[in-house]
**Student:** 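This is the structure I want to talk about, given as structure tokens.
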Number of protein chains: 2
Amino acid sequence: MSERGGDRSLSQTVRAQLALRDMILAGRLRAGERISELQAVDITGVSRTPVRMALVRLEDEGLLQAIPSGGFMVKAFSERDILDSIELRGTMEGLAARLAAERGASARQLEPLKECLADIDELVQQDPLSVEAFSAYVALNARFHAQLDELCGSAPVIRQIERVAALPFASPSAFVMAQSALPEAHQILMIAQDHHRIVIDAIENREGGRAEAVMREHARLAVRNLRLALRSRSHLELLPALALITQAADK
Amino acid sequence: MSERGGDRSLSQTVRAQLALRDMILAGRLRAGERISELQAVDITGVSRTPVRMALVRLEDEGLLQAIPSGGFMVKAFSERDILDSIELRGTMEGLAARLAAERGASARQLEPLKECLADIDELVQQDPLSVEAFSAYVALNARFHAQLDELCGSAPVIRQIERVAALPFASPSAFVMAQSALPEAHQILMIAQDHHRIVIDAIENREGGRAEAVMREHARLAVRNLRLALRSRSHLELLPALALITQAADK
DNA sequence: CCGGCCGTTCCTGTATACAATCTGAACTCA
DNA sequence: TGAGTTCAGATTGTATACAGGAACGGCCGG
């Protein structure tokens, strides 16, 4: 237990990146706060070179912001930034779905999607969903979205979707865990699953407009989840990403 | 003339980044080719640390691709990647225009846009457009798009648009210069300007759907430009970005 | 008492040395 | 002859030393 960063098979750069990201998401580095390289060295236990690399990577991941005079600070997000990021993801996933529909997807390509669909179906059948069920849903949901995005067959589109979804509050499953204690949870999950089913149907029938529209609306479920969670103030500790929100983001 | 990289006021990292990007865009580093740090040091004349930084930045700019075992290679793009990137930009600019329309833009905000519109009007009035006029158009067009994107008031949206437009073949003015010798040039420019006018009108009247649709179609003009230029095979030297296209992009 | 100037201190940007890993080729053995 | 192995070269990942510059505090002058 002499090394601090955990698994020694990872490169120092990746280790530093993970450690710093965890710190930021945990809210231990507050938004707007300048994060010096030396400080990051102390946190991560690696030397300045990989720390520097990790900071650059976190910057274009969107969690850090470069300071003109040099160095980085933790980026501040407004609530609106979050909503816009979700809308942005929905728009791009809508594009991906439309392209998939217009260009056609073979039965072979659709098969894993349908399997995923069935798995989720089975999951949401249980009426009182356990926390473990929510966890499983998050994983399956992520897989479904990834496979769906792949269907468009366009590397640039996939790349951009991944970039947006890398933000902790814009990923398809960002606020799923937050609803695990809400009464509306089960209903929302079933609606989400209906969207999943519809988009596959639309792609199968080459209905590009329908596929696009449903994916856009699908993303907006995340907004509903977020609003519900914020309103009921329940289990906010399940949303570490909210530490990044500032009431008045300077921008 | 002792220094190689040019302006000494820029940081070594930026200098290396510019030099390497120029080399790539000029096609002097072919797509798929591995680019070693030492080689980059030779090219740029700076030491390995800033070179490494520049390589990382060029990777998330999208021009380079990380090799699993370490290092980077010049990214290869298919013709379809280019078309998809343009569609992607159109989709996101459409989102920005829709948001601007839905959220409303004040007369004060719209004023610079209208000025830009008038400037372009004046430019496209000349019937045989000079090469200088095309250059001026590129600048004005870039300004118009930047201001339009800003109108949505959403930092995440603007950020993503900029990331896509950073690709040399996806920017709003990527293929304008290529048409400077085409007979259809003047007509296309006038159509583009009509799109500009329509989107402003739509935003002014809070017609979100119309604003979005016209921006999507507007981006597709770039596809037409590209196709025309490729078909006529004229002035391909005006399109340095095409050096990145490979017939069969390995992906 | 307040504002501007100067020095100190910390921080980032850059260069380079070292270590570990990967690549490639030649050589040997079945 | 072909495949496996081992060794050499090169290349990347990491650490650290050094230099330039910016932020901060104290001091002096008004």
Side-chain angles (χ1 to χ4, degrees), chain A residues 2-21 23-24 29-61 63-76 250, chain B residues 2-21 23-24 28-61 63-75 250:
Chain A
S2 62
E3 81 277 13
R4 304 169 67 170
D7 196 338
R8 71 180 44 159
S9 71
L10 272 56
S11 76
Q12 303 290 73
T13 298
V14 173
R15 216 176 300 176
Q17 192 176 348
L18 292 175
L20 289 173
R21 179 162 44 203
M23 288 281 287
I24 296 171
L29 297 169
R30 268 175 306 184
E33 189 176 341
R34 181 180 191 139
I35 174 171
S36 81
E37 293 181 3
L38 198 57
Q39 184 185 355
V41 165
D42 276 348
I43 292 174
T44 63
V46 304
S47 91
R48 272 188 64 212
T49 305
V51 153
R52 203 174 164 68
M53 209 66 123
L55 290 174
V56 169
R57 294 224 132 98
L58 288 171
E59 181 202 3
D60 57 71
E61 196 173 304
L63 289 178
L64 295 182
Q65 190 171 10
I67 299 174
S69 64
F72 299 94
M73 54 183 270
V74 180
K75 202 161 175 177
D250 48 324
Chain B
S2 61
E3 82 277 12
R4 303 169 68 169
D7 197 338
R8 69 182 44 162
S9 70
L10 270 58
S11 77
Q12 302 291 72
T13 298
V14 173
R15 217 178 299 178
Q17 193 175 349
L18 292 174
L20 288 173
R21 178 162 43 202
M23 288 281 286
I24 296 170
R28 300 196 50 185
L29 297 169
R30 268 175 307 184
E33 187 175 343
R34 181 181 191 138
I35 174 172
S36 80
E37 294 181 2
L38 199 57
Q39 184 186 354
V41 166
D42 276 348
I43 291 174
T44 63
V46 303
S47 93
R48 271 187 63 210
T49 305
V51 153
R52 205 175 164 67
M53 209 68 121
L55 290 174
V56 170
R57 294 224 131 98
L58 287 171
E59 181 203 2
D60 56 71
E61 195 173 305
L63 290 177
L64 295 181
Q65 191 170 8
I67 298 173
S69 66
F72 299 94
M73 55 184 268
V74 180
K75 202 161 176 177
D250 49 323

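Chain naming here is simple, since letters A, B, ... match the order of the sequence lines and numbering starts at 1 in each.
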**Student:** Can you name the closest pair of heavy atoms from A:Phe72 and A:Val56 and give their distance?
**Tutor:**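 Where A:Phe72 meets A:Val56 most closely, the heavy atoms are CZ-CG2, 4.2 Å.
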
**Student:** Should B:Ile24 and B:Ile35 count as side-chain neighbours, where that means a heavy-atom distance under 4.5 Å?
**Tutor:**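 In short, these two side chains do not touch, never coming nearer than 4.5 Å.
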
**Student:** Rounded to whole angstrom units, what separation is found between the CE atom of B:Met73 and the C1' atom of D:dT12?
**Tutor:**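 So the two atoms are 17 Å apart, to the nearest Å.
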
**Student:** Please walk me through it: do A:Arg52 and B:Arg52 pass side chain to side chain contact (heavy atoms under 4.5 Å, CB included)?
**Tutor:** CA-CA 11 Å; A:Arg52 203 174 164 68; B:Arg52 205 175 164 67; over 6 Å; no

**Student:** If the sugar-phosphate is the primed atoms plus P, OP1 and OP2 and the base is the rest, what is the B/S/- string for nucleotides 4-16 of chain C, using protein heavy atoms under 4.0 Å?
**Tutor:** -------SBBBBB

**Student:** Hey, could you give me the OG/CD1 distance between A:Ser36 and A:Ile43, rounded to the nearest 0.5 Å?
**Tutor:**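 Answer for the OG-CD1 pair, A:Ser36 versus A:Ile43, is 8.5 Å.
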
**Student:** I'd like to know if A:Lys75 and A:Glu61 make a salt bridge, using a cut-off of under 4.0 Å between side-chain N and carboxylate O.
**Tutor:**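 A:Glu61 and A:Lys75: not salt-bridged.
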
**Student:** Between atom CG in B:Leu55 and atom P in D:dG13, what is the gap in whole Å?
**Tutor:**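 So the two atoms are 10 Å apart, to the nearest Å.
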
